[in-house]
Amino acid sequence: MKKVKIYVTLKESILDPQGSAVQGSLQKIGYGEVSDVRIGKYLEVTIGDTDRDIDTIVKEMCEKVLTNTVIEKYRYEIEEA
């Protein structure tokens with residue numbers, strides 16, 4: 001079995017209003033040194049033993065279901081579960 005850690009973030013060219021709101025809040029409560037916040041998603045997926053290529057499975061899942069590739073990018077790490 002494999003554990004896949006998937007990190008999804010907005011592409012740099014996409015505005016992040018949620019991140020901007022968090023940044024503003026942090027600055028208001030005394031963290032003026034915070035100059036940027038970008039919000040993303042973190043997913044953990046466990047994949048059972050398979051003859052299929054794990055990289056192919058993960059890329060298909062990310063591009064078909066887990067991300068909007070028009071505005072988001074992703075990266076992942078694969079570990080033994």
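A quick note: this is a predicted structure, and the numbers were derived from the prediction, not measured. FYI, the numbering just counts along the sequence from 1. Hydrogens, waters and symmetry mates play no part in the numbers below; they use all other heavy atoms, side chains included.
Applying the ring pair (Phe, Tyr, Trp, His ring centres under 6.0 Å) definition to pairs two or more places apart or across chains, none involves residues 53-81. Note on residues 53-63: pairs passing salt bridge (charged side-chain N to carboxylate O under 4.0 Å, His left out), not counting sequence neighbours, are R52-E60. For residues 48-72, no residue pair satisfies the ring pair (Phe, Tyr, Trp, His ring centres under 6.0 Å) rule, not counting sequence neighbours.
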Counting only pairs under 3.5 Å, give me each side-chain donor-acceptor contact of residues 5-12, with atom names and distances, residues two or more places apart or in other chains.
unit_1	atom_1	unit_2	atom_2	d
K5	NZ	E79	OE2	3.1
K11	NZ	T69	O	2.9

Kindly list each side-chain donor-acceptor pair under 3.5 angstrom involving residues 20-29, sequence neighbours excluded, with atom names and distances?
unit_1	atom_1	unit_2	atom_2	d
S20	OG	D16	O	3.2
Q23	NE2	S35	O	3.0
S25	OG	A21	O	3.1
Q27	NE2	V34	O	2.7

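Under the 3.5 Å distance criterion, the side-chain polar atoms of K41 are left unmatched by any main-chain donor or acceptor of T67.
V65 and I57 fall within the same hydrophobic cluster, defined by Ile, Leu, Val, Met, Phe, Trp and Tyr side-chain heavy atoms under 4.5 Å apart, directly or through other members. Linking ILVMFWY side-chain heavy atoms closer than 4.5 Å, directly or via other members, places L43 and I39 in two distinct hydrophobic clusters. Hydrophobic cluster membership is shared by V70 and I14, with clusters built from Ile, Leu, Val, Met, Phe, Trp and Tyr side chains linked at under 4.5 angstrom.
When the shell of 6.0 Å around OH of Y42 is examined, it contains more than 12 heavy atoms from other residues, nucleotides or ligands.
Shown here are the side chain to side chain donor-acceptor pair (under 3.5 Å) partners of K2, two or more places apart in sequence or in another chain: E80.
Summarising the geometry of R38 relative to L15, their closest heavy-atom pair is NH1-C, 4.3 Å, with the distance given to 0.1 Å. Residues M61 and V45 come closest through the heavy atom pair CE-CG1, 4.0 Å.
V58 is listed as a side-chain neighbour of I47, based on a closest heavy-atom distance under 4.5 Å.
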